[in-house]
Amino acid sequence: MIIERPLTLIAELTYRCPLRCPYCSNPLNYSDSNYRQELATEYWLKAISQAASLGILQLGFTGGEPLLRQDLEIMVEAAAKTGIYTSLITAGTLLTPDRAAKLRECGLDHIQISIQDSQAAKSDYIAGIPSFEKKLAAARLVKRLGFPLTINVVLHRHNLDRTEEILELCKTLEADRVELANTQYYGWALSNRDSLLPTPEQLERAKQAVAIAKQQRYFPMGVVYVLPDYYEKYPKPCMGGWGQKTMVISPNGDVLPCQVATSIPELTFTNLRNGTLEWIWFESEAFNRFRGIDWMDEPCRSCSRQTIDFGGCRCQALLLTGSATATDPVCHLSPEHHLILKAQEQGQGKQEFSPTFTYRSAKE
Ligand code: SF4
Ligand code: FES
């Protein structure tokens with residue numbers, strides 16, 4: 001099998017974050033000492049240089065909240081010098097005018113800010129702390145400095161009914177691009193699934209609001225609406241296929257095929273301190289384990305879509321069925337598809353706005 005080079009590097013600089021969103025994709029044990037030992041600047045600089053040699057085209061600095069790393073500017077500057085397209089993916093609350101200007105000087109290409117809802121009280125409720133006004137201020141600052149601005153909103157039962165209002169807000173903020181991503185159920189979102197799952201009617205209304213925004217070209221770089229795969233017939237090719245496009249470096253330096261991969265206990269991940277990105281991409285056990293189609297069992301093994309969706313999401317398969325080699329149960333052909341139907345049913349039973357989230361929080 002020919003292994004193509006990766007296109008994207010996701011640098012999770014830290015799992016620390018002032019927000020407490022109940023759908024966070026960081027691991028449930030993000031506060032373990034293992035993750036508190038964050039990679040030193042020198043290793044990140046090495047990773048950036050290796051990423052450039054490997055042909056990586058875009059680099060997202062994310063977290064947690066990447067602005068909590070005071071060496072962020074050093075990394076941005078190093079990445080910008082290699083010509084890699086750099087994005088800062090932030091909650092926005094810590095973006096001061098000084099830091100934003102410094103990041104501009106260092107060559108940062110693009111900033112993405114997350115917003116939880118179109119109304120302050122509702123947005124703050126989901127974020128778990130007062131943050132809405134700071135986010136709006138950050139978005140305006142980003143535009144003032146001439147950065148392209150993406151606004152990202154994670155959608156779920158508690159904000160889907162305001163999709164139109166959310167799009168209007170993004171328009172007011174002069175977003176260049178909007179990403180409306182329905183919650184994917186891993187990590188904290190899986191713990192809160194019954195409180196977050198939307199109804200099919202909500203999804204339909206949101207789709208219509210998005211269609212209007214697209215038709216009227218609200219945003220110069222477009223609006224992306226990511227459907228929740230629980231309501232689709234086939235799963236998504238998660239990460240564009242395991243080990244096919246993307247590398248993720250977690251705060252402690254472990255290099256992963258996706259942000260949730262540490263949930264698969266059978267895998268061992270190589271740390272940046274012990275291997276180069278090139279070796280990890282081409283040779284490591286973790287990146288090769290689910291690459292391509294040879295690992296598949298039935299029904300994927302004999303399915304005509306096996307090179308379209310690659311059997312869906314390995315992490316979701318593990319989290320829902322207990323086996324990372326199982327067909328993603330989102331697929332209607334999966335023998336475990338009933339697990340998705342049951343989850344939908346349970347979610348529908350809890351339609352009231354209920355303050356029953358398990359907010360992201362450090363383990364005691
Ligand atoms: Fe995709 Fe497997 Fe379902 Fe076929 S059976 S559609 S390959 S997940
Ligand atoms: Fe890990 Fe989908 S989140 S493969």
Side-chain angles (χ1 to χ4, degrees), residues 1 6-10 12 15 21 23-30 60 62-63 89 154 179 181-193 196 226-250 254-270 280-281 284-341 343:
M1 168 187 178
L7 300 173
T8 304
L9 178 63
I10 299 176
E12 296 187 311
Y15 285 146
C21 308
Y23 47 68
C24 181
S25 67
N26 289 169
L28 292 162
N29 62 346
Y30 73 90
T62 182
I89 296 150
V154 175
E179 213 177 78
N182 275 284
T183 307
Q184 302 291 338
Y185 295 98
Y186 329 111
W188 294 88
L190 186 59
S191 316
N192 287 302
R193 190 174 62 181
L196 293 170
V226 185
L227 271 168
D229 55 6
Y230 271 48
Y231 291 89
E232 295 198 87
K233 198 169 165 191
Y234 296 110
K236 295 184 184 61
C238 196
M239 306 301 286
W242 184 274
Q244 302 211 35
K245 293 193 163 64
T246 306
M247 302 186 92
V248 179
I249 305 178
S250 67
D254 285 348
V255 187
L256 317 172
C258 75
Q259 278 147 299
V260 192
T262 51
S263 60
I264 304 181
E266 70 184 78
L267 297 179
T268 311
F269 301 102
T270 308
I280 295 169
W281 178 257
S284 73
E285 196 268 336
F287 275 79
N288 281 301
R289 178 68 183 87
F290 301 114
R291 197 173 244 151
I293 54 172
D294 290 346
W295 57 271
M296 288 177 175
D297 289 332
E298 294 295 348
C300 298
R301 179 171 279 278
S302 50
C303 177
S304 62
R305 286 180 58 90
Q306 60 181 202
T307 52
I308 298 174
D309 61 36
F310 300 100
C313 175
R314 293 307 84 222
C315 301
Q316 184 152 270
L318 182 276
L319 291 166
L320 298 184
T321 73
S323 163
T325 54
T327 294
D328 185 335
V330 156
C331 179
H332 73 296
L333 300 171
S334 156
E336 312 283 1
H337 186 58
H338 60 92
L339 296 171
I340 299 292
L341 301 177

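FYI, the numbering just counts along the sequence from 1. Counting convention: from 1, in listed order, for ligands and their atoms alike.
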Would you check if the side chain of [X] reaches a backbone N or O of [Y] as a donor-acceptor pair within less than 3.5 Å?
X	Y	value
His337	Val330	yes
Arg305	Phe310	no
Arg301	Trp295	no
Asp328	Ala317	no

Practice prompt. Please report how many protein N/O/S atoms lie under 2.8 Å from atom 1 (Fe) of ligand 1.
Written response: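 Step by step: take atom 1 (Fe) of ligand 1, keep protein N, O, S below 2.8 Å, and you get 2.
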
Worksheet item: When rounded to the nearest 0.5 angstrom, what is the spacing between CD in Gln184 and SG in Cys315?
Response: 11.5 Å

Are any non-hydrogen side-chain atoms of [X] and [Y] less than 4.5 angstrom apart?
X	Y	result
Asp309	Cys300	no
Met1	Asp294	no
Leu320	Tyr185	no
Thr246	Thr8	yes

Item to complete: Please list, in chain and residue-number order, the protein N/O/S atoms closer than 2.8 Å to atom 1 (Fe) of ligand 2.
Response: Cys258 SG, Cys315 SG

